[in-house]
Undergrad: 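First, the structure itself, so that you have it in front of you.
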Amino acid sequence: MVPDVSTGSDSRGLIAYLFGPGRRDEHTNPHIVAAWDMAGAPDPGRDPAATYSQLARRLDHHVDLRTRELGGKKPPQHVWHCPVRTAPGDRYLTDAEWAEVARRVVHATGIAPDGDERACRWIAVRHAEDHIHIMATTVRADGRRPRTHQDGRRAQAECRRIEAEFGLRRLKSGDLTAPRTPTGAERAKAERQGQTVTARHWLRERAYAVAAAVHTEADYFTVLQSLGIKVKTRLGPESGDVIGYSLAAPGDTNSAGEPIWYGGSKLAPDLSINRLRERLPDQEVTDRPRFAADPAEPWQHTITAIQTAHFALDSDDHAAAQGQLAAFGDVLYNIASATPGPHRAELRAAASAFNRARRSATRADHQAAHALRQAAKELAYASNEPGGLAIALLFATVHLARAAAKWHEQRGHEQQAAAADEAFHHLQAGYEQAAAPALAELAHRAPQAASASRFERDVRAALPDHADRILADPTWTALTTTLAQAETAGHNPRRLLIEASAQRELDSAERPAEVLNWRIAAQPNRRTQAARSRSTLRSVSPESAVIRPSTSPPIGSRSEERSRSR
């Protein structure tokens with residue numbers, strides 16, 4: 001059961017909509033099922049003599065008195081509106097049941113507490129099988145405004161209790177971090193125009209994708225405009241700095257031909273200008289070149305960063321873990337952009353689904369996820385898709401999405417857990433589509449029996465507790481090919497197996513050989529690295545080898561750490 005609280009200032013206009021035919025003639029048999037006073041509330045749906053104006057005057061009675069007290073000024077946003085809808089598949093509710101729902105919602109939200117004879121006037125109108133509209137004017141009989149602080153959250157909590165008592169589908173509890181859902185008018189407009197999504201949804205997806213790829217706030221607005229999206233910024237009156245922004249989709253206009261604007265925070269809470277600035281600096285600051293010399297590097301960096309993120313979810317630092325999940329959302333958008341093939345649709349669906357899991361009431365420490373976010377941006381500029389590395393990265397995302405679902409579930413983040421689980425299933429489907437032919441090709445190119453026997457001895461020596469399961473895994477043959485390729489690239493197979501198994505435990509893996517295969521496939525080519533290093537040393541003159549503070553990496557930087565680890 002879903003309530004959706006909003007406020008406005010036009011009581012007669014809302015009444016006309018509630019009792020009218022609807023935008024697509026979808027309203028049937030509109031009538032009042034509950035009210036502050038069933039005998040005193042004119043019902044235009046059942047009484048031919050009742051008019052919209054009569055009902056509006058009865059509802060606005062106390063508003064009119066308050067207006068005279070204020071010298072002709074109506075209280076702002078004095079109309080309270082809350083549709084309440086059952087979930088798809090729920091049973092039919094009678095008028096009496098909907099009346100009880102309405103009375104409980106107005107009590108829980110502070111509009112009309114039980115037994116309060118001076119409470120606000122309200123009505124509940126039903127014009128469809130699956131929902132009602134509760135309308136109230138928020139001026140009490142004593143002239144005071146009702147206490148409606150956090151009315152949306154209180155309505156949600158009451159609906160959760162009603163679901164349990166009425167035997168309805170139990171929906172996930174929210175935490176006020178969900179994006180605004182498209183209105184009925186927005187959905188109807190999209191249908192008329194033959195669009196599968198509303199303008200709000202389309203803009204949100206583009207905004208997330210652009211924010212994931214760009215390096216600065218200025219780039220964010222520039223790229224959005226290059227996509228044909230209109231951008232309007234709001235400047236501070238004294239500083240002249242940008243303090244907010246709105247977006248309008250191409251061709252999305254109102255009846256007057258003016259663009260329909262959506263503020264960043266109205267698209268999603270983490271698309272507000274302040275939340276964006278936590279992730280995007282004013283000027284580009286990066287410790288890596290935007291374009292990697294080796295096409296494989298962005299993919300390897302991202303796999304390594306995802307492994308670090310996985311460990312963060314196991315820690316007690318909730319802010320750091322939430323920061324990693326926010327950055328992982330950026331990774332998913334850029335993987336979908338950089339990965340060709342029929343599985344791209346599943347990856348895009350995973351990125352969209354994970355948007356709900358990338359934020360919660362836990363404030364994110366974005367600095368803790370700098371490595372993962374930087375790796376995600378490298379992917380946005382990746383020049384080539386390096387074969388097995390892309391599949392290894394997909395394999396890593398599958399496991400991180402599953403860990404994200406578990407992390408949210410353990411903390412009672414029901415909506416986020418469900419979103420992460422949905423993303424996990426999309427990623428798993430995309431991985432399977434991409435991995436099946438790749439594993440088959442690896443198995444087809446398996447080394448000769450002598451080499452396979454040597455690798456079997458390596459497995460038994462390096463991983464004695466898992467050896468039998470690894471060798472019985474259907475993907476063992478593919479793993480022998482990957483081990484042979486790694487050996488050619490300068491790695492020691494036995495050492496590789498030990499390092500790969502140490503990344504995370506193998507006990508829970510259904511296919512341990514498949515896990516090891518993609519962990520090993522993500523290792524860089526040592527001989528290529530050595531050759532590049534020798535070439536760089538030969539090209540550096542003694543004069544240019546002098547370390548200058550302005551160009552050398554800072555102590556403790558990732559560049560220095562990578563050089564020490566090789």
Side-chain angles (χ1 to χ4, degrees), residues 1-31 44-45 52 77 79 81-90 92 124-135 152 171 178-210 224-232 245-268 271 336 344-345 348-349 351-353 355-356 419 422:
M1 183 168 283
V2 182
D4 186 12
V5 175
S6 62
T7 57
S9 57
D10 183 5
S11 56
R12 193 187 185 288
L14 180 55
I15 290 171
Y17 168 74
L18 296 181
F19 288 95
R23 295 182 176 89
R24 294 164 292 171
D25 294 326
E26 73 275 19
H27 295 175
T28 58
N29 188 25
H31 59 283
Y52 299 162
Q77 302 292 302
V79 179
H81 179 211
C82 180
V84 183
R85 185 182 303 271
T86 54
D90 270 339
Y92 176 88
V125 178
R126 182 178 191 177
H127 56 211
E129 289 189 354
D130 64 346
H131 71 276
I132 59 171
H133 290 257
I134 306 173
M135 173 190 173
L171 300 183
R180 291 195 178 186
T181 56
T183 65
E186 292 170 4
R187 291 192 294 269
K189 183 176 183 179
E191 290 179 10
R192 289 196 306 270
Q193 295 177 344
Q195 304 296 328
T196 57
V197 296
T198 64
R200 184 189 297 271
H201 180 90
W202 186 88
L203 284 170
R204 181 165 56 235
E205 288 297 305
R206 297 307 179 278
Y208 269 127
V210 171
L224 284 172
Q225 289 174 316
S226 73
L227 297 175
I229 296 172
K230 294 180 175 64
V231 176
K232 179 173 64 176
Y245 74 98
S246 299
L247 305 179
D252 186 32
T253 59
N254 59 21
S255 58
E258 300 167 335
I260 298 177
W261 297 98
Y262 296 90
S265 62
K266 299 301 187 291
L267 295 176
L271 289 176
R344 175 180 282 183
R348 286 176 173 167
S352 181
N355 280 338
R356 186 65 189 94
E422 181 183 351

Undergrad: Can you tell whether the side chains of Lys230 and Asp252 come within less than 4.0 Å, N to carboxylate O?
TA: no
Undergrad: Please check this pair: side chain of Arg85 against backbone of Val2, looking for a donor-acceptor N/O pair closer than 3.5 Å.
TA: no
Undergrad: Please examine the side chains of Glu258 and Thr253, heavy atoms only from C-beta on, and report whether any two atoms are closer than 4.5 Å.
TA: no
Undergrad: Does any part of the side chain of Val231, heavy atoms only, come nearer than 4.5 Å to the side chain of Leu247, both counted from C-beta?
TA: yes
Undergrad: If every non-hydrogen atom of Ala268 is compared with every non-hydrogen atom of Tyr208, which pair is closest and at what distance?
TA: CB-OH, 3.3 Å
Undergrad: Would you say the ring centers of Phe19 and His27 fall short of 6.0 Å from each other?
TA: no
Undergrad: Would you compute the distance between atom CD1 of Ile260 and atom CZ of Arg200 and round it to the nearest 0.5 angstrom?
TA: 10.5 Å
Undergrad: Rounded to the nearest 0.5 Å, what's the gap from CG on Asn29 to NE2 on His127? Could you check?
TA: 11.0 Å
Undergrad: Do the side chain of Arg126 and the main chain of Glu129 share a donor and acceptor less than 3.5 angstrom apart?
TA: yes
Undergrad: To the nearest 0.5 Å, tell me how far Thr196 OG1 sits from Trp202 CH2.
TA: 12.0 Å
Undergrad: What's the spacing between Ile15 CD1 and Asp10 CG if we round to 0.5 Å?
TA: 9.0 Å
Undergrad: Which pair of heavy atoms, one from Ser9 and one from Val79, lies closest together, and at what distance?
TA: C-CG2, 3.9 Å
Undergrad: Are any of the side-chain heavy atoms of Asp90 and Asp130 separated by less than 4.5 Å?
TA: no
Undergrad: Give me the atom names and distance for the closest heavy-atom approach of Ala419 to Ala353.
TA: CB-O, 3.4 Å
Undergrad: Tell me whether Glu26 at atom CD has more than 12 heavy atoms from other residues, nucleotides or ligands lying less than 6.0 Å away.
TA: yes
Undergrad: First locate atom OG of Ser11, then atom CE of Met135, and finally report the distance between them rounded to the nearest 0.5 Å.
TA: 5.0 Å
Undergrad: Is the backbone N or O of Pro182 less than 3.5 Å from a side-chain atom of Arg187, with the two atoms forming a donor-acceptor pair by type?
TA: yes
Undergrad: With a 4.5 Å heavy-atom cut-off, do Glu205 and Asn355 have their side chains touching?
TA: yes
Undergrad: Side chain to side chain contact (heavy atoms under 4.5 Å, CB included), that's the test. Do Thr198 and Lys189 meet it? Break it down for me.
TA: CA-CA 8 Å; Thr198 64; Lys189 183 176 183 179; over 6 Å; no
Undergrad: Check Leu271 against Ala207 and note the closest heavy-atom contact, atom names and distance.
TA: CD1-CB, 3.8 Å
Undergrad: Can you measure from CG (Asn254) to CH2 (Trp261) and round to the nearest 0.5 angstrom?
TA: 11.5 Å
Undergrad: Where do Arg204 and Pro179 come nearest, in terms of heavy atoms and distance?
TA: NH1-CB, 3.6 Å
Undergrad: Give the ring-plane orientation class for His81 versus His133, where under 30° counts as parallel, over 60° as perpendicular and anything between as tilted.
TA: parallel
Undergrad: Please give me the minimum heavy-atom distance between Arg206 and Leu224, naming the atom from each residue.
TA: O-CD2, 4.3 Å
Undergrad: Is Arg180 atom CZ crowded by more than 12 heavy atoms from other residues, nucleotides or ligands, each under 6.0 Å away?
TA: no
